[in-house]
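Both backbone and side-chain heavy atoms feed into the values below; hydrogens, waters and symmetry mates do not. Throughout, protein chains are lettered first and strands after them, A, B, ... in sequence-line order, and every chain is numbered starting at 1.
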Amino acid sequence: GGIITQTPKFLIGQEGQKLTLKCQQNFNHDTMYWYRQDSGKGLRLIYYSITENDLQKGDLSEGYDASREKKSSFSLTVTSAQKNEMAVFLCASSIEGNTLYFGEGSRLIVV
Amino acid sequence: GDSVTQTEGPVTLSEGTSLTVNCSYETKQYPTLFWYVQYPGEGPQLLFKVPKANEKGSNRGFEATYNKEATSFHLQKASVQESDSAVYYCALSHNNAGAKLTFGGGTRLTVRP
């Protein structure tokens with residue numbers, strides 16, 4: 001079996017700061033995703049990538065950048081952190097957009 | 001666009017009682033339907049999926065039937081246990097390369113002993 005590793009588990013930053021979350025997978029999956037999880041709002045898609053160097057915007061991409069420089073890794077950058085962005089960010093991977101395998105999540109805290 | 005609506009939580013039940021979490025979806029195509037479960041401190045994990053209309057999926061005593069006419073995929077369990085306490089997400093995806101999952105808002109279930 002494989003694993004999705006997200007780093008860091010907790011990311012603390014100041015308002016206005018640029019902050020980056022990283023995700024690694026060893027499933028050898030083609031597609032990777034970043035979702036944002038807010039209580040009561042479920043999981044909302046920020047960015048996804050169907051192959052190396054590909055980027056597709058999700059429903060919540062404004063205020064975020066992403067990068068897929070190699071097949072096994074996918075990073076997400078909050079371009080200017082705001083206090084209302086405190087949430088859990090979940091990375092996932094899949095084959096052909098079907099079953100998603102998730103990491104444990106990274107919690108963003110903005111002070 | 002696609003959308004998924006499910007029972008708003010939180011839902012609190014006593015052990016041994018039955019569970020139904022409603023899920024309805026809207027889409028123009030024929031999707032695959034999923035139920036994911038998320039335990040505290042973990043990422044969501046697949047409970048089961050159903051790719052075809054009128055078929056049933058099941059796992060760990062949970063089941064749901066893909067009802068294309070009613071556009072529903074309700075989750076049921078006859079007798080819940082304390083270990084079922086988690087957040088449950090209904091989701092849909094289309095069957096093409098690079099397709100993404102659209103999730104419902106999640107339903108938090110707490111089962112009391």
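Heavy atoms of Gln37(A) lying under 4.5 Å from chain B belong exclusively to its side chain. With a threshold of 4.5 angstrom between heavy atoms, Leu90(A) approaches chain B through side-chain atoms but not through N, CA, C or O. Proximity to chain B is limited to the side chain of Asp59(A), based on heavy atoms less than 4.5 angstrom apart.
The hydrophobic clustering, which links ILVMFWY residues whose side-chain heavy atoms are closer than 4.5 Å, places Leu21(A) and Phe74(A) together. No continuous path of ILVMFWY side-chain contacts below 4.5 Å connects Phe73(B) to Leu46(B), so the two sit in separate hydrophobic clusters. Note on Tyr35(A): it does not cluster hydrophobically with Leu76(A), by side-chain heavy-atom contacts below 4.5 Å among ILVMFWY residues.
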Counting only pairs under 3.5 Å, give me each side-chain donor-acceptor contact of residues 101-113 of chain B, with atom names and distances, residues two or more places apart or in other chains.
unit_1    : atom_1 : unit_2  : atom_2 : d
Thr107(B) : OG1    : Gln6(B) : NE2    : 2.9
Thr107(B) : OG1    : Thr7(B) : O      : 2.5

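Looking at every heavy atom in both residues, Tyr48(A) comes nearest to Lys100(B) through CE2-CD, 3.8 Å.
For Tyr101(A), the ring pair (Phe, Tyr, Trp, His ring centres under 6.0 Å) partners at least two apart in sequence or on another chain are Phe27(A), His29(A).
Side-chain contact between Phe34(B) and Thr99(A) is present, with heavy atoms from C-beta onward closer than 4.5 Å. No side-chain heavy atom of Tyr36(B) sits less than 4.5 Å from a side-chain heavy atom of Leu43(A).
Within 6.0 Å of CD on Glu69(B) lie more than 12 heavy atoms contributed by other residues, nucleotides or ligands. Atom CD of Gln82(A) sits in a crowded spot, with more than 12 heavy atoms from other residues, nucleotides or ligands closer than 6.0 Å. More than 12 heavy atoms of other residues, nucleotides or ligands shown are found within 6.0 angstrom of OH on Tyr39(B). Heavy atoms from other residues, nucleotides or ligands lying under 6.0 Å from CD of Glu8(B) number 12 at most.
Residue pairs meeting the side-chain hydrogen bond (donor to acceptor under 3.5 Å, both in side chains) criterion with at least one member in residues 11-25 of chain A, sequence neighbours excluded: Thr20(A)-Thr77(A).
Of the listed residues Glu42(B), Gln45(B), Lys49(B), the one with more heavy-atom pairs under 4.5 angstrom with chain A than any other is Lys49(B).
Scanning residues 103-111 of chain A against chain B with a 4.5 Å heavy-atom cutoff picks out Gly103(A), Glu104(A), ordered by number.
Expressed to the nearest 0.5 Å, how far CZ of Phe102(A) lies from CD of Gln38(B) amounts to 8.5 Å.
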